[in-house]
Every structure is written in structure tokens, then in C-alpha cells.
Amino acid sequence: MAAMASKRGALIVLEGVDRAGKTTQCKKLVQALLQSGLPAEMMRFPDRSTTIGQLISAYLEKKSELEDHTVHLLFSANRWELVPVMKKKLEQGITLVVDRYAFSGVAFTSAKPGFSLDWCMKPDTGLPQPDLVMFLQLNPDEAALRGQFGAERYETSAFQKAVQEKFEQLMKDQTVNWKIINASQNIEGVHDDIRTHSLNVINKAQTMPLGELWK
Ligand code: Z5A
């Protein structure tokens, strides 16, 4: 039987600082795409459901300690273990809307003392290249209005400021299709921007091969 000519789905990533609204917006985008008849699914990293994800989750909840290089590699391994599933879905024409990806991985570890951006990028090099990475930009004062920091590791204002600086360095990389979204708008306003960029990229991705990140 002849293989059906199929158009691949797009790989769309949402990144941003703490409480920028990534999860809220990923859910709304998937709903909107489905309503427009476009197959779409949400994923999130870390995916805490796998064996590796459970190690990460315990670390984030401060129930365990892990050496900094080790936890960086676990976050990366957690993405790599899902690559076969991601590729399969994209090939089936499903657009993946992903809550955090390798950019969070690099920004959070390189904000720790003694880590270079370069070292942090290595383990994630070659992952499926997102067709679009939207960075939800929100200043710390506005984030504070959305509630207190949680109790998890990394949820302090000094660390989040260092992370923001690392994201800014990563956003200078022209090999990645970054779009900065003003996340201080209301939920519908942010969604409108995100949906517009996404529909645009879903069309373009259909006929383009999936790339490899940072290669
Ligand atoms: N991490 C890492 O170190 N290495 C890695 O490789 C990866 C991650 C992938 C777990 O993240 C931690 O792991 C994270 C990075 C690190 N550490 N930190 N910080 P997580 O994904 O499990 O949890 P989270 O990312 O910390 O969630 P978040 O950033 O706090 O939230 P968010 O997804 O951006 O926002 P939200 O849940 O959609 O919304 C937050 C609140 O604001 C909520 O009450 C909303 O109703 C409200 N909200 C949302 N949008 C609006 C607007 N537009 N106006 C007003 N209020 C709003």
C-alpha cells in the first residue's frame, strides 16, 4: 500500500519566568488548535511521570539532594527519553505544545555558579528543533501579583533573576525561532498573540523537515 503523503505537526515551545503563564497558555493553545480542527497535544518538561522524572520531582520538592551536573543530565535525559514519542506524534501530523524545554534546562543550570552556557547546551544538542519558541516575558513585580513563590527549589527572586539573564543570552541565538510575548496582558490577550504565531508556524512546518537543536 502506498504511504499516505502526510504533513508533519509543528513543535511549539513555551518558555518564560516563574508564573509567566506558560501552563495556562499551553492548555489554551491546545484547545484552540483542536477547535480549529488541527490535531494538537500538550507535553511538559520535566515529565514527572517517568522513572527519571520521579528523581527530578523529588529533587525539585527538596525531598532529595542531587549533585548539580547530575541533575542537569537527568533533566536532559528526561527530554531524550521522550524523543521517540515526540517524533512519532509529529510525523502523524500532531502539533506538540511543550511547556518548557532545553532552554529552561540551560537557563536554570547555567544560573548556578561554575556552569558555562556551552557546557549546559551540550547534552540537549540534537534534540528535535522547535519550529517556534515563545518566551513569556513578565517582570518580577507583576509576577509577584500572581502569588507567592512556591516551596520548590529555584523559587527565589535572586535565582529567578539570574535565570532571566541566562534566557536573555539564549535568545540572542538566531538559529532558534524566538518570539517574545508580552505576558503582562490579560490571559485572552496573551493567548491571541500565541495563537497567531502558532498558526503561522504550523502552516510553514508542514513542508519543512524537523531540524536538530543547536546543530
Ligand atoms: N527546570 C530545570 O531546572 N531544568 C529543566 O530542564 C526544566 C525545568 C525543563 C519545574 O517547573 C522547575 O524545573 C522549574 C524550572 C526547572 N523551576 N522553577 N521555577 P514546572 O514547569 O514544573 O513549574 P513552573 O514552571 O515553576 O510553573 P510556573 O513557572 O510557576 O508557572 P507558569 O506555568 O508559567 O504559570 P501558570 O501556572 O500558567 O500561571 C501562574 C499563575 O498566574 C496562575 O495562578 C494563573 O492563573 C495566573 N495567570 C496566568 N496568566 C495570567 C495572566 N495573563 N494574568 C494574570 N494572571 C495570570
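Throughout, residue positions are numbered sequentially from 1 according to the sequence presented. Counting starts at 1 for both ligands and their atoms, following the listed order.
- The pair Lys204-Asp131 does not meet the salt-bridge criterion, since no charged nitrogen lies less than 4.0 angstrom from a carboxylate oxygen.
- With Val106, Asn78, Asp18, Leu145 as candidates, the residue nearest to atom 30 (O) of ligand 1 on a non-hydrogen basis is Asp18.
- The shortest N or O to N or O distance between Phe108 and ligand 1 is not under 3.5 Å.
- For ligand 1 and Arg48, the ligand atoms under 4.0 Å from any heavy atom of the residue are 10 (C), 22 (O).
- Remark: Glu188 engages Lys28 in a salt bridge, criterion side-chain N to carboxylate O under 4.0 Å.
- Of the protein's heavy atoms, Arg19 CA, 4.0 Å lies nearest to atom 40 (C) of ligand 1.
- The aromatic rings of Phe115 and His69 sit tilted relative to each other, their planes meeting at an angle between 30° and 60°.
- Looking at Arg79 next to ligand 1, an N or O pair under 3.5 Å apart turns up.
- Ranking the protein heavy atoms by distance from atom 36 (P) of ligand 1 puts Thr24 OG1, 3.6 Å first.
- Using a non-hydrogen distance threshold of 4.0 Å, His72 does not register as a contact of ligand 1.
- The option from Arg146, Glu188, Glu152, Arg153 that lies nearest to atom 57 (C) of ligand 1, judged by heavy atoms, is Arg146.
- The closest protein non-hydrogen atom to atom 24 (P) of ligand 1 is Arg100 NH2, 3.7 Å.
- For ligand 1, the atoms lying closer than 4.0 Å to a non-hydrogen atom of Tyr154 are 3 (O), 17 (N).
- Between Phe135 and Trp178, the ring planes lie perpendicular to each other; the angle is over 60°, past the 30° to 60° tilted range.
- Interatomic distance, CG of Asp99 versus OG1 of Thr23, reported as 3.5 Å (0.5 Å rounding).
- Atom numbering of ligand 1 starts at 1 in the shown order; those under 4.0 Å from a heavy atom of Phe45 are 9 (C).
- Note that atom 43 (C) of ligand 1 has no protein non-hydrogen atoms nearby, at separations under 4.0 angstrom.
- Residue contact check for ligand 1: Gly147 places no non-hydrogen atom closer than 4.0 Å to it.
- The backbone N or O of Thr175 sits nowhere less than 3.5 Å from a side-chain atom of Trp214 that would complete a donor-acceptor pair.
- When Lys28, Glu155, Lys22 are ranked by how near their heavy atoms come to atom 34 (O) of ligand 1, first place goes to Lys22.
- Rounding to the nearest 0.5 angstrom, the gap separating the CZ atom in Phe167 from the CG atom in Leu136 is 10.5 Å.
- At least one test fails for Arg153 against the ring of Phe108: distance under 6.0 Å to the centre or angle within 45° of the axis.
- At least one donor-acceptor pair under 3.5 Å links the side chain of Gln185 to the backbone N or O of Asn182.
- For Pro46, the closest heavy-atom approach to ligand 1 falls below 4.0 Å.
- The option from Glu15, Gln160, Lys27, Lys112 that lies nearest to atom 19 (N) of ligand 1, judged by heavy atoms, is Gln160.
- Among the candidates Lys89, Lys27, Lys88, the single residue satisfying the salt bridge (Lys or Arg N to Asp or Glu O under 4.0 Å) test with Glu41 is Lys89.
- Polar contact check, Ala20 against ligand 1: a nitrogen or oxygen pair lies under 3.5 Å apart.
- Under 4.0 angstrom from ligand 1, the non-hydrogen atoms of Asn186 all belong to its backbone.
- For atom 5 (C) of ligand 1, the closest non-hydrogen atom on the protein side is Phe75 CD2, 3.1 Å.
- Across Arg48, Glu152, Lys63, a single residue satisfies side-chain hydrogen bond (donor to acceptor under 3.5 Å, both in side chains) together with Ser57, and that is Arg48.
- Heavy-atom neighbours of Gln148 CD from other residues, nucleotides or ligands within 6.0 Å: at or below the threshold of 12.
- By the 4.0 Å heavy-atom criterion, Gln25 is excluded from the residues contacting ligand 1.
- For the side-chain hydrogen bond (donor to acceptor under 3.5 Å, both in side chains) criterion with Gln164, the lone passing option out of Glu168, Lys166, Lys161 is Glu168.
- The protein atom (non-hydrogen) at minimum distance from atom 53 (N) of ligand 1 is Gln185 O, 2.9 Å.
- Taking the six-membered ring where tryptophan is involved, the planes of Tyr101 and Phe45 are tilted, since the angle between them lies from 30° to 60°.
- Atom 23 (O) of ligand 1 has its closest protein heavy atom at Arg44 NH2, 4.3 Å.
- Among all non-hydrogen protein atoms, the one lying nearest atom 37 (O) of ligand 1 is Thr23 CB, 4.0 Å.
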